[in-house]
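Here's the structure, in structure tokens; my notes come after.
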Amino acid sequence: MEYIPAKTILSRNKTTAWFGIQETMNLYRGCCHGCIYCDSRSDCYHIEHFDTVRGKANAIPLLEKELRRKRNHIVIGTGAMSDPYNPFEKQEQLTKQALELLDRYQFGCSVATKSNLITRDIAIFQQIQSHSPVLCKITITSGEDDLAKKVEPYAPLPSQRWDAIRQLSRSGIFTGVLLMPVLPFLEDQKENILSIVQRSQEAGARFIYPAFGMTMRSGQREWYLDQLEQQFPGHDLKARYQKRYGDRYQCTSPYAKELWHVFSETCQSYGILYRMQDIIAAYQGGYRNNQLCFF
């Protein structure tokens, strides 16, 4: 595996509105899941050879140095730009070592991933959760493995991710689903959304946070539309996207209002959280450290 130079590991978020996360750590650069919709592929991020995963040199010593300087025991997130549980993590263990540092220095953590490798670190999450908030978010956008193979070709299947949710939840870890992006004309059917909610509830998910649509910008847009033609020949999806969305950044599903109504009612019936403020309050609320930012 190739390693690239790094000066810092942590970056401060402009707001804590996203799951109450105050700072983000990126231990890897690039991703090999091959998801056709990935926003991190956009030109604005300047990531060359995006499909090649590279580790950040001296990531763990750098992270420890940065953690030592902090006075406030905040929640640190990972998984925003690249999956922290990519296949190389099994051997390199950058994410595992980073979580051990968060535990040692009494920080909370929020992890987003599409990989069932996250279950390897259940014991570390339990240890962190004994003193600080822990939030595990598993992305699932399709209830069918066959469709997921086309839009997320090299990521673990949704069925494997639900099994990971089940293991995490049974271990007492606050775990839920990122239902995003829901791809227009591909995943925005009521049956798909209801299937995801039901299976997530069966797996023990505490929350599901949705986005009924996707984003597209320069670099990513061209890649995505070309992939639609390759993966779904004869469906004329590229033309449908171009006609409805043009060069728009925000591409909301035409059925978003209907989907939200069905989704929210079903979540309420199951007792699943789905509003951001409720999710933050639930996973951070049991910790009385005034240094934590709850909202």
Side-chain angles (χ1 to χ4, degrees), residues 30-53 79-83 112-114 137-161 177-200 208-264 266 274:
C31 186
C32 57
H33 286 334
C35 304
I36 66 174
Y37 53 75
C38 184
D39 179 72
S40 298
R41 195 182 293 277
S42 302
D43 290 342
C44 61
Y45 297 118
H46 308 291
I47 303 178
E48 296 182 0
H49 311 295
F50 179 77
D51 296 287
T52 301
V53 177
M81 291 295 297
S82 60
D83 198 311
T113 183
K114 290 187 179 81
K137 299 166 287 182
I138 312 293
T139 299
I140 301 177
T141 68
S142 171
E144 299 294 333
D145 285 353
D146 288 343
L147 178 57
K149 289 177 184 178
K150 293 183 177 182
V151 299
E152 303 164 345
Y154 307 118
L157 297 171
S159 55
Q160 295 174 297
R161 295 178 226 170
V177 172
L178 288 179
L179 177 53
M180 60 176 68
V182 175
L183 304 178
F185 314 126
L186 280 174
E187 298 174 331
D188 56 349
Q189 300 86 24
K190 182 172 67 174
E191 294 76 17
N192 181 52
I193 302 305
L194 290 176
S195 172
I196 291 173
V197 174
Q198 180 178 350
R199 295 186 67 178
S200 298
I208 304 174
Y209 192 71
F212 299 119
M214 64 179 298
T215 58
M216 286 197 290
R217 45 186 156 192
S218 180
Q220 175 215 11
R221 179 184 294 106
E222 293 77 10
W223 171 268
Y224 177 67
L225 295 179
D226 287 343
Q227 289 297 308
L228 287 180
E229 288 193 317
Q230 293 183 34
Q231 298 294 337
F232 304 94
H235 288 73
D236 207 26
L237 287 171
K238 181 176 181 178
R240 293 181 70 183
Y241 270 84
Q242 290 175 323
K243 180 179 180 180
R244 182 172 184 88
Y245 301 114
D247 292 334
R248 270 189 268 168
Y249 168 66
Q250 192 73 37
C251 304
T252 304
S253 165
Y255 315 111
K257 288 184 178 180
E258 177 186 353
L259 293 177
W260 173 259
H261 178 73
V262 171
F263 167 80
S264 59
T266 308
Y274 59 93

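From a predicted model like this one, the values you see are computed outputs, not experimental measurements. One is the number of the first residue; the rest follow in order along the sequence.
The CE atom of M214 sits 9.0 Å away from atom OH of Y37, with the distance rounded to the nearest 0.5 Å. Rounding to the nearest 0.5 Å places NZ of K114 at 14.0 Å from CD of Q160. One distance of note links NZ of K137 with CE of M180; it measures 9.0 Å at 0.5 Å rounding. Interatomic distance, CG of L228 versus NZ of K150, reported as 11.5 Å (0.5 Å rounding). Remark: L225 CG to Q230 CD distance equals 11.5 Å, nearest 0.5 Å. Note that OH of Y274 is 12.0 Å distant from OH of Y209, once rounded to the nearest 0.5 Å.
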*Take M81 and I47, measure what side-chain contact (heavy atoms from CB on, under 4.5 Å) needs, and give me the verdict at the end.*
CA-CA 10 Å; M81 291 295 297; I47 303 178; 3.8 Å; yes

*Decide yes or no on side-chain contact (heavy atoms from CB on, under 4.5 Å) for Q220 and S40, but give the supporting numbers first.*
CA-CA 8 Å; Q220 175 215 11; S40 298; over 6 Å; no

*Decide yes or no on side-chain contact (heavy atoms from CB on, under 4.5 Å) for D51 and C32, but give the supporting numbers first.*
CA-CA 5 Å; D51 296 287; C32 57; 5.8 Å; no

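Taking all atoms of both residues into account, the shortest heavy-atom contact from S142 to A148 is OG-N, 4.1 Å. V53 and G30 make their closest contact through CG2-O, 4.0 Å (heavy atoms, listed as atom of the first residue, atom of the second, distance). The shortest heavy-atom contact between P181 and T141 is O-CG2, 3.2 Å. Taking each heavy atom of G34 and P153 in turn, the nearest pair found is O-CD, 3.1 Å. Across I208 and V197, no two heavy atoms sit closer than the pair CD1-CA, 3.8 Å. Residues G143 and N192 come closest through the heavy atom pair N-OD1, 2.8 Å.
Counting non-hydrogen atoms of neighbouring residues, nucleotides and ligands closer than 6.0 angstrom, the CD atom of Q189 exceeds 12 such neighbours.
With a 4.5 Å cut-off on side-chain heavy atoms, V182 and I193 count as touching. In this structure, Q227 and V151 have side chains that are not in contact, with every pair of non-hydrogen atoms separated by 4.5 Å or more. Within the 4.5 Å cutoff, no side-chain heavy atoms of F263 are placed close to those of L194.
Centroid-to-centroid, the aromatic rings of Y45 and F50 stay 6.0 Å apart or farther.
Judged purely by atom type and a 3.5 angstrom limit, R221 uses its side chain to pair as donor or acceptor with the backbone of M216. Judged purely by atom type and a 3.5 angstrom limit, D145 has no side-chain atom pairing as donor or acceptor with the backbone of L157.
For the ring pair (Phe, Tyr, Trp, His ring centres under 6.0 Å) condition, the pairs that include at least one residue of residues 213-234, sequence neighbours left out, are Y224-Y241.
Screening D83, T139, T113 for a side chain to side chain donor-acceptor pair (under 3.5 Å) with H33, the sole residue that qualifies is D83.
Contact check on R217 versus D39 returns a salt bridge, with a Lys/Arg side-chain nitrogen under 4.0 Å from an Asp/Glu carboxylate oxygen. Between E152 and R161 there is a salt bridge, with a side-chain nitrogen of the basic residue lying less than 4.0 Å from a carboxylate oxygen of the acidic one.
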Show every donor-acceptor pair shorter than 3.5 Å between a side-chain atom in residues 251-262 and any protein atom, with sequence neighbours excluded, or say none if there are none.
residue : atom : partner : partner atom : Å
S253    : OG   : D188    : OD2          : 2.7
S253    : OG   : Y255    : N            : 3.0

